[in-house]
Q: 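The following block contains the structure, expressed as structure tokens.
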Amino acid sequence: MSKKPIITVKNLVKKYDNFTAVDQISFEVFEGEIFGLLGPNGAGKTTTLEILETLRNKTSGEVFVDGFSVDKDSGSIKKRIGVQLQAAGYYPNLNLTELIELFSGLYGIAVDPIEMLSKVALTDKAKARYKELSGGQKQRFSIATTLINNPRIVFLDEPTTGLDPQARRNLWDLIRSIRDTGTTVVITTHYMDEAEVLCDRVAFVDTGKIIGINSPDHFIDELVASGFEREKQVKSANLEDVFIQLTGKDWREV
Ligand code: ADP
């Protein structure tokens, strides 16, 4: 993988009145990687993402996205990124084809709705209304909308929260396939198993500071080398493996 930075953050600070939500953080995201922002609730992950997405103003520091400054070129950044909207952003009574047409109209870009839906395995739902989709289908659809403008970077904020194990694993395949076409992915998640298998690198954020940034393997090896041992011997399968084994790995079209 190339180590060319596509996002550079230097001494970023965000204050809400007197409260410092993001406290002098600096990091880079490399082109073509899946980069995870991990940390407890209130750590400052969403605030950081929204500043990178040009949706929120920073207090101080420098942020460059694909070479453009968030201060001077937010319009250029918006054209180059895909941002996953929360479900509330969709009209529940429009069908998926109509929603893709609506979004592509907003971007001023002509796309084939069926082609976009095929990227997320939803062509058979082209005429279904958004509100008729299952949780996993809604997440896949929202990821399709991030791809409409053929972005260089997509931002996914907890994309698998609330999904069943099949939907979650299928979403991992989808996110990897986006990365494999050369798009950089920035993701937040509370699931450490997910970050471990999906992310090329992760940053741990706590109380507005980055307390570690490296590959999941590196962090785990470092912890093991320090003498850490799990209390209970880990079995070579877990209950989620049993779940998948028993119920299959097919897409569930509830
Ligand atoms: P995370 O995504 O890691 O859960 P957030 O970035 O949402 O964290 O929030 C970081 C901190 O900033 C939290 O303490 C939160 O209460 C606070 N915060 C977030 N948004 C606002 C806001 N608009 N006004 C005031 N405080 C906020």
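As the structure lists them, so they are numbered: ligands from 1, and atoms in each ligand from 1. Starting from 1, each residue takes its place in the sequence as its number.
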Q: Can you confirm if the NZ or CZ of Arg80 lies within 45° of the ring axis of Phe68 and under 6.0 Å from the centre of its six-membered ring?
A: no

Q: Is there a donor-acceptor pair closer than 3.5 Å between any side-chain N or O of Glu194 and the backbone N or O of Tyr191?
A: no

Q: Check this for me: does any side-chain nitrogen of one of Arg152 and Glu31 sit under 4.0 Å from a carboxylate oxygen of the other?
A: yes

Q: Any protein N/O atoms within less than 3.5 Å of an N/O atom in ligand 1? List the atom names and distances, or say none.
A:
residue	atom	partner	partner atom	Å
ligand 1	2 (O)	Thr46	N	2.8
ligand 1	2 (O)	Thr46	OG1	2.7
ligand 1	3 (O)	Ala43	N	3.1
ligand 1	3 (O)	Gly44	N	2.9
ligand 1	3 (O)	Lys45	N	2.9
ligand 1	3 (O)	Lys45	NZ	2.8
ligand 1	4 (O)	Gly42	N	2.7
ligand 1	6 (O)	Thr47	N	2.9
ligand 1	6 (O)	Thr47	OG1	2.6
ligand 1	8 (O)	Gly44	N	3.1
ligand 1	20 (N)	Tyr16	OH	3.3

Q: Decide whether Thr146 and Gln84 meet the rule of one side-chain donor and one side-chain acceptor closer than 3.5 Å.
A: no

Q: Any side-chain donor paired with an acceptor under 3.5 Å for Thr54 and Lys78?
A: yes

Q: Do any N or O atoms from the side chain of Asp157 and from the backbone of Thr188 form a donor-acceptor pair under 3.5 angstrom?
A: no

